[in-house]
Structure formats: C-alpha cells, structure tokens
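Residues: numbered from 1 along the sequence shown.
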Amino acid sequence: MSEESTARVILLALDLSPESQAAAVLAVEVAAAFGAKIEGLFVEDREMLDLADHPLAREVDIFGARTQPVERARLERSLRAQAVRARTLLARVAGRRGIAWTFRVVRGTVVDEIRTASRMGETVTLGRTGWSRGPRRALGRTTQRLLADGERRVLVPGRRPSAAGAVVACYEGSPAGRRVLEAAAQLARGAGAKLRVQVIAGEETELAALREEAEVQLADSDIEAAFHPLVVDRPSELLASLRADPCGFLVVPARAFGDGAELISLVTELDCPLLLVR
C-alpha cells in the first residue's frame with residue numbers, strides 16, 4: 001500500500017477550542033486504525049499579535065463589561081500558556097491509546113502554517129469551527145480553506161460528538177476514489193464497523209461498471225462490504241441517503257463534488273466525521 005493511500009502521519013492543529021479537543025479525540029482514533037503517529041501543531045497567530053500593536057486595539061471583558069488596551073506581552077504569555085495546555089491535552093488523549101506523538105509551536109498565519117507543516121500523504125485534522133463566532137453550523141474559515149483547496153487529506157469531526165453506523169466510502173472511479181476504498185476499509189477494520197460503499201455517478205448507466213471496479217478493488221481485503229449505487233448530482237442527494245441509512249464515518253474523494261463550495265455544503269450538514277482523500 002502506497003504512502004499516499006494510507007496516512008502514516010496525522011497533523012493535528014490544536015487551538016484549545018471545544019471543537020479542537022473533539023478533533024484530538026478523532027485524530028487518535030484514526031491514528032489507531034491507520035497505525036499512524038500524530039504531530040501536534042499549535043500556531044501562535046501572528047495576525048492577532050500584530051493587532052495588539054495597533055493603538056486602538058482593545059480587550060473586552062464579556063463578564064465585567066469593561067475594556068482595556070491590548071498588551072502584546074500579556075497576549076504572548078497567554079499564547080504560551082495555551083500551547084502548554086494543548087500539549088498536555090495531546091499527551092493525555094494519545095496516551096490512552098498508546099499513540100506515538102510529537103508537538104511543536106510555530107508563529108505565523110494559521111492556515112499558512114498548517115499548509116507548510118503538512119507533507120504529502122499526511123492527514124490534517126482540525127476542529128469544525130475553532131473559535132469562530134458565525135452561525136451554529138458554519139465551518140470555520142481555516143477548515144473551509146483546507147477543504148476547498150483539495151490538496152491535502154483533511155479529517156473533520158461531525159456535528160455530533162459521536163455517530164453510530166457504518167464507515168461509508170464514496171467511490172466515483174477516480175484514483176482518489178480507489179484510495180478512499182483503502183482508507184475506508186482500514187477505518188472499518190480498526191473500529192470493528194461495517195463497510196458500505198456508496199457508488200456514485202452522474203448517470204445511472206455508469207453505476208454497474210463503477211460497482212464492479214469497487215468490488216475488484218476490495219476483493220483482496222479481509223472485510224466484507226455492502227454496495228449501494230446512487231445517482232448523485234448534488235451533495236444534498238448524498239446527505240439524504242446517509243440520513244436514511246446512518247453513517248458513522250464518511251470517506252470521500254477530494255473532487256467528487258466539483259468545486260469547494262459543494263464539498264463545504266456537504267460537511268456543514270454532516271453529522272458524522274469526514275475524511276477527505278486527495
């Protein structure tokens with residue numbers, strides 16, 4: 001099995017938000033299934049630090065209803081303390097499953113540092129929203145950007161803390177789709193879950209050939225799969241199918257739904273975790 005087809009390293013971006021902590025738990029579970037190690041990353045946000053140098057920047061105490069000037073030195077101390085807590089969180093969560101891990105701190109723009117830190121074949125894991133204060137279901141900006149560029153494996157927790165059901169692999173005939181089948185089989189095996197292959201195509205005439213390809217791809221695996229052909233034009237049609245037959249984990253190819261906006265609409269509404277495979 002190639003390095004690209006199986007993540008041996010999971011890059012976990014931590015910011016201590018509740019969503020980030022959920023991502024840490026998910027990363028450990030996936031690392032156990034893949035036989036991977038975890039590289040924890042805490043980014044000291046340079047944009048936030050630079051804002052502290054602005055003479056009009058103020059801190060708002062939401063409990064005391066008062067403001068005070070932003071002090072860069074105090075902000076830097078706060079970030080260092082957060083990094084220590086992030087490292088402690090990773091050590092605790094990874095230690096429960098005996099997963100090897102490392103941790104480092106960098107300073108820069110969050111999405112750029114994540115992109116720089118992630119290498120070919122690695123999986124990037126981060127929370128759905130981080131500290132974003134948008135609509136309840138909306139994905140955070142960093143998560144949206146990493147999903148939209150389609151250049152990395154991305155692992156995102158679902159809207160619910162846990163989801164029961166099969167590991168579902170979306171197969172549409174691409175090289176990324178074949179890697180999806182391999183990754184989904186490993187996840188199902190590691191979790192002791194059923195594997196369901198959602199064979200998707202824009203035309204019904206394509207489904208039989210795609211199903212045969214998927215069956216051949218999984219023939220040598222030691223896990224039994226159920227196959228569900230589905231004509232799909234939009235992510236909403238896949239969502240309807242997943243809600244009718246519960247999904248515990250969804251694995252999809254990076255370009256299965258065209259541009260990034262279509263994929264983001266799918267992930268926004270998805271209850272279960274998602275692994276995007278390039």
Which donor-acceptor pairs under 3.5 Å do side chains of residues 87-106 form with protein atoms, sequence neighbours excluded?
{"residue": "T88", "atom": "OG1", "partner": "V84", "partner atom": "O", "Å": "3.0"}
{"residue": "R97", "atom": "NH1", "partner": "E29", "partner atom": "OE1", "Å": "2.6"}
{"residue": "R97", "atom": "NH1", "partner": "E29", "partner atom": "OE2", "Å": "3.0"}

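Rounding to the nearest 0.5 angstrom, the gap separating the CD atom in E19 from the CG atom in L126 is 10.0 Å. With rounding to the nearest 0.5 Å, the separation of OG1 in T143 from CZ in R128 is 8.5 Å. Atom SG of C170 sits about 12.0 Å away from atom NE2 of H228, to the nearest 0.5 Å.
Listed by first and then second residue, the salt bridge (charged side-chain N to carboxylate O under 4.0 Å, His left out) pairs involving residues 191-205 are R196-D245 (not counting sequence neighbours).
Across all non-hydrogen atoms, the minimal contact from R243 to E269 is NH2-O, 3.4 Å. The minimum heavy-atom distance between L275 and T123, with the atom names listed, is CD1-CG2, 3.9 Å.
Partners of E172 under the side chain to side chain contact (heavy atoms under 4.5 Å, CB included) rule, at least two apart in sequence or in another chain, are S174, I200, P253, A256. Residues satisfying the side chain to side chain contact (heavy atoms under 4.5 Å, CB included) criterion with E237, sequence neighbours excluded, are V232, D233, R234. Partners of P175 under the side chain to side chain contact (heavy atoms under 4.5 Å, CB included) rule, at least two apart in sequence or in another chain, are R178, R179. Every residue meeting the side chain to side chain contact (heavy atoms under 4.5 Å, CB included) condition with S78, not counting sequence neighbours, appears here in chain and number order: Q82.
Side-chain N/O atoms of Y171 and E213 include a donor and acceptor closer than 3.5 Å.
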